[in-house]
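So you know, we letter chains A, B, ... as the sequences are listed, proteins then strands, and number each from 1.
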There are 2 protein chains.
Amino acid sequence: MKDVAKLAGVSTSTVSRVISNDSRISNRTKKKVLKIMEELNYYPNTIARSLANNKTDTIGVIMPSYKEDIFINPFFQKVLKGISLIASQHFFDILIVTNHKEESDVDVLRRIIKGKRVDGLILTRSKEEDEGIKFLKENKFPFVLIGSCLEYDDIPSVDNDNEQASYDLTSLLIKKDRKKITFIGGELDSVVMKERYKGYLKALKEHNITFKEDYFIFDRFLEKSGYDLTSRLMELHDNLDAIIVADDLMSLGVLKRLKEGENRVPEDIMLASFNNTILAKYANPSITSIEINSIELGRRACEKLFDMFKEKSRENKEIIDYKIIERESTSLKENIN
Amino acid sequence: MKDVAKLAGVSTSTVSRVISNDSRISNRTKKKVLKIMEELNYYPNTIARSLANNKTDTIGVIMPSYKEDIFINPFFQKVLKGISLIASQHFFDILIVTNHKEESDVDVLRRIIKGKRVDGLILTRSKEEDEGIKFLKENKFPFVLIGSCLEYDDIPSVDNDNEQASYDLTSLLIKKDRKKITFIGGELDSVVMKERYKGYLKALKEHNITFKEDYFIFDRFLEKSGYDLTSRLMELHDNLDAIIVADDLMSLGVLKRLKEGENRVPEDIMLASFNNTILAKYANPSITSIEINSIELGRRACEKLFDMFKEKSRENKEIIDYKIIERESTSLKENIN
DNA sequence: CTGTTAGCGCCTTCAC
DNA sequence: GTGAAGGCGCTAACAG
C-alpha cells in the first residue's frame, strides 16, 4: 500500500479510502490510484483490514462434534450449499470449524470467537444441554442455530417442526394399517431426536396403537447403526410391520439388513425416513422420507445471520416447511419394481 | 493481553512468549501468566497474530467454479472430509472459498492469496487450460491440486490414474462381451474427463471394438445431464449394450432413463461408473464403479501441503490407487434382485 | 477532498 | 529471563 501511495503521489489514507470506496474522494485521484494498484498488482491485506476494522467478512460453520460421520451425510452438504449461496452473495467466505485434537466443543468456540476469526457462526444441530450455545450467549456472539435448543427459547434459529413431521410420518403408517411401528433413531442427546420421538409417541397414542419400550431404539446417525439396530429389532420382535428411521443414511443400513432377513419392503415391513437426501430417492425400494429442505435451512440461517449483523431483527425462531415424499417403501399398490 | 500483563505484573512480551511457548521463560512466571489468562478468560486474537506472523493456520479449499452442482456431489464431501481430518490434526482450520458475485476464478485466487487469508490452497479438479494454476505458480503460492494439470507437469498434485482406470473399466465391459460401448461424460474441459476419454478409446482400439463419434457424448456432471444424454443416446442408437458414465451422480440419471425406456440393466445394457460414492452402492441395480479413494485424495493432498510448508519435498505428483468395485450393473450371473 | 497521527493486538529484535 | 520499542498493513479521527 505504501508503494501505491508513493507512486500515486498520495498518502496511504487516500489509498485506503479508494479501497473502501469512500464517497468524498475526487474521481481523478481515485482513477489514478486504481490504475497504480492495477499496475503494481496490488491487493489489500485482508488480515490487516480485519485487525483494523474488527471485521473478517467470514462466517464460521460449526459441524457437530461427531464429525467423522456427519461429514458423509448429504444433509450437511446441502446445508453448506445453502449457506454458501447466501454468503457469497454478501462477499463473505466460510470457515469450516472442526475440533482440533482433544478440543472440547466449547474450546473450539472460544478459539474462534475470542480469536476474532469470524463475524458470526452457524451451528448445525444441537444437543439437549448444549454448553456451546450457553457459551455463545454469554459472550453475546452472533450466531444462528440450525435446529432447536431446549434450554433457551430465545435464540436465533432455523428449524423444521420435527415433532409434527414425525407425527405425520407415523400417522401415515398408521393409516396404512400398520400396527407394530418401531423407531430407529440416532444420537438421543440431540434435540432433533427428542422431538421426533415425541411426535412418534403422540401419533401412536392418539390412534391407540401399542407402544413398547423396545420399539424405540437408537444409536448413532450412521449407516452401520441402522443395520445393527435392525438386527436387534428383529431379534426382539418377529412381527414388525413398520420402521421409522431418523435419517436416510441409517435407512440404507436398515434396508440392507431387511433384505438379508428376507423381509419384503413394503409388503412385510414399511419403511419411512427423514431428510430426503438423494439416497432415499434412489434406494431400492425408494424410501418415503421427510423433505426438510436442507438447502433452505442453510440459506435462511445465513440470511438470518446477516440480518443480525445489520441489527435488522427477525423472528427469533424460524420454521421451515417440510413435506412427506411418499415412495415405494410405504406404497403397496403402486409397487413398480 | 495488556490486562493480563498488568495483572501478572509482567510485560506484554512475556505474555506473548508464554502464548507461543517460548523456551527461555521461567516456569514460575509462565504458570502465573497462564493462571491469569485463565481467570480473565483471555484468548489471543488470531487475526493480530496472523498479521504479525504472516501466518494464518488456515488452508483454503477452492471448489470448482461450477460450484452449484458440485456442492451436491458426494465426491467433494469425501475429499473435504479427508482434508479436514489432516488439517485438524495440525490445528488448522479450513476456509471454503467460492466465487463471489461475478468474480472470475483468478479474481478469487488473487483475493485470497494477496489478502493473505490462508497459508496454502487445495484445488479440486482442474480445467485443461487453467488460468488459476498459472496464477498460483507465478505468485509462488503453496498449493496442491487434486487432479492433474496438462500444461505443467511439475505442480504438486494428487490424483488417480484416470486413464488407466477408464481403460480397465472399458476392458471389463469388453470382456463381458459388450460390443457397443458408449461413454457419457461431464464437462469436457476438465482434465479428468480428457483422461477418462483417452483410456476408453485406448481400450476400444486395443480390442478392435468399433468406436463411433456419437458413442461419446458429454454435458455436465449432473444427474440431469445423465438423464438427458441417455435420451439422446437412445435416439441415436437402438442397440447399445453398455454405457460408461463419468460419475455416479450422473449414473443415477442414466439409470432412471434406462428404466423408463424399459431397458434391463445389466441384461440389455450394462452400466459402469466412476467415484464409487454411496449412491452407486445403493442404486438399483447397484452400480459397478471405480473407487477412487476420495477421502484419501483429500488426505494426501492436505499432507502434501503441510510437507510443502516444512519444505520437506515429496514427489510432485502422487498417484492414489483405484479399484473397480463390481456390482449388479455389470454382473449377469449373480443378479440377485 | 486529502494528509497526519495514532492505534488495532500481537510478535520480534535488541538491550539489560 | 525479561522489558522496551518498533513494526505487521490497514483504518479512523482529526486537521486542514
Side-chain angles (χ1 to χ4, degrees), chain A residues 1-37 40-58 91 93 110-119 139 141, chain B residues 1-37 40-58 91 93 110-119 139 141:
Chain A
M1 180 156 124
K2 261 190 302 189
D3 302 337
V4 177
K6 205 172 291 172
L7 262 174
V10 296
S11 75
T12 59
S13 339
T14 306
V15 178
S16 171
R17 286 185 186 111
V18 172
I19 290 168
S20 44
N21 220 319
D22 195 307
S23 54
R24 59 208 178 150
I25 200 112
S26 86
N27 239 313
R28 230 169 51 80
T29 44
K30 183 167 162 183
K31 267 189 191 141
K32 188 172 60 186
V33 172
L34 247 22
K35 185 158 157 271
I36 306 274
M37 285 180 18
L40 259 49
N41 196 7
Y42 164 85
Y43 195 93
N45 182 321
T46 316
I47 298 292
R49 296 191 79 184
S50 294
L51 184 59
N53 291 330
N54 201 22
K55 184 169 178 326
T56 61
D57 285 2
T58 305
F91 305 96
D93 288 305
R110 188 186 348 265
R111 175 163 59 82
I112 297 300
I113 77 175
K114 299 274 184 180
K116 307 262 176 147
R117 299 215 47 181
V118 302
D119 297 338
N139 284 274
F141 193 82
Chain B
M1 180 154 124
K2 261 190 303 188
D3 302 337
V4 177
K6 205 172 292 171
L7 261 175
V10 296
S11 74
T12 58
S13 334
T14 307
V15 178
S16 170
R17 286 185 184 111
V18 172
I19 291 169
S20 43
N21 220 320
D22 196 307
S23 53
R24 51 193 190 169
I25 200 110
S26 87
N27 239 313
R28 232 169 50 79
T29 45
K30 183 168 163 182
K31 267 188 191 143
K32 189 171 58 186
V33 172
L34 248 20
K35 185 157 156 270
I36 306 274
M37 284 181 18
L40 259 50
N41 195 9
Y42 165 84
Y43 195 94
N45 182 320
T46 316
I47 298 292
R49 296 192 79 183
S50 294
L51 184 59
N53 292 330
N54 201 21
K55 184 170 177 326
T56 60
D57 284 1
T58 305
F91 304 96
D93 288 305
R110 186 183 353 262
R111 175 164 58 83
I112 296 300
I113 77 175
K114 299 275 185 178
K116 307 262 174 143
R117 300 214 47 180
V118 302
D119 297 339
N139 284 274
F141 193 82

Participant: If you count the non-hydrogen atoms of other residues, nucleotides and ligands that lie under 6.0 Å from NZ in A:Lys55, is the total more than 12?
Facilitator: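 Result for NZ/A:Lys55: enclosed.
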Participant: Determine, for nucleotides 9-16 of chain C in 5'-to-3' order, which nucleotides have protein heavy atoms under 4.0 Å from the base (write B), from only the sugar-phosphate (write S), or from neither (write -).
Facilitator: BBBBBB--
Participant: Side-chain contact, heavy-atom cut-off 4.5 Å: A:Met1 with A:Asn45?
Facilitator: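 Side-chain contact under 4.5 Å: no.
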Participant: Quick check on C:dC1: is either OP1 or OP2 less than 4.0 Å from any side-chain nitrogen or oxygen of A:Thr29?
Facilitator: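 It does not, given that no N or O in the side chain of A:Thr29 lies less than 4.0 Å from OP1 or OP2 of C:dC1.
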Participant: Under 4.0 Å: is that the gap between some side-chain N or O of B:Thr14 and OP1 or OP2 of D:dG3?
Facilitator: yes
Participant: Could I get the full list of side chain to side chain contact (heavy atoms under 4.5 Å, CB included) partners for B:Asn21, not counting sequence neighbours?
Facilitator: B:Lys30
Participant: Any heavy-atom pair between the side chains of B:Pro44 and B:Met37 that's under 4.5 Å?
Facilitator: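 No, their side chains stay 4.5 Å or more apart.
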Participant: Between A:Lys55 (NZ) and D:dA12 (P), how many Å, whole number?
Facilitator: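 The distance from NZ of A:Lys55 to P of D:dA12 comes to 11 Å, rounded to the nearest Å.
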Participant: Quantified as the angle between the terminal helix axes (five pairs each), what is the overall bend of the helix from C:dC1-D:dG16 to C:dC16-D:dG1 to 10 degrees?
Facilitator: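 Roughly 30° between the end axes, to the nearest 10°.
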Participant: For a quick check of understanding: with a heavy-atom distance under 4.0 Å over all strands, which category does A:Gly115 fall into, base, sugar-phosphate or nothing?
Facilitator: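 The residue A:Gly115 makes no contact with any strand.
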Participant: Please examine the side chains of A:Thr12 and A:Lys2, heavy atoms only from C-beta on, and report whether any two atoms are closer than 4.5 Å.
Facilitator: yes
Participant: Is the backbone N or O of A:Val118 less than 3.5 Å from a side-chain atom of A:Thr58, with the two atoms forming a donor-acceptor pair by type?
Facilitator: no
Participant: Could you check whether A:Asp93 pairs with B:Arg111 (Lys NZ or Arg NE/NH1/NH2 to Asp/Glu carboxylate O, under 4.0 Å)?
Facilitator: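 Counted as a salt bridge, because a side-chain N and a carboxylate O are separated by less than 4.0 Å.
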Participant: Expressed in angstrom and rounded to an integer, what is the separation of B:Asn27 atom CG from D:dG1 atom C1'?
Facilitator: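 After rounding, the reported distance stands at 12 Å.
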Participant: Specify the separation, in whole Å, of atom NZ of A:Lys6 and atom P of C:dG3.
Facilitator: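 Going from NZ in A:Lys6 over to P in C:dG3 covers 14 Å.
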Participant: Please report, rounded to the nearest Å, how far the P atom of D:dA13 is from the CG atom of A:Asn54.
Facilitator: 13 Å
Participant: Please report the distance, rounded to the nearest Å, between NZ in A:Lys32 and P in C:dC1.
Facilitator: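 To the nearest whole Å, that distance equals 14 Å.
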Participant: Report yes or no: do B:Ser16 and B:Ser13 form a side-chain donor-acceptor pair below 3.5 Å?
Facilitator: no
Participant: More than 12 foreign heavy atoms under 6.0 Å from NZ of A:Lys35: is that the case here?
Facilitator: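 No, NZ of A:Lys35 has 12 or fewer neighbouring heavy atoms, counting only those of other groups under 6.0 Å.
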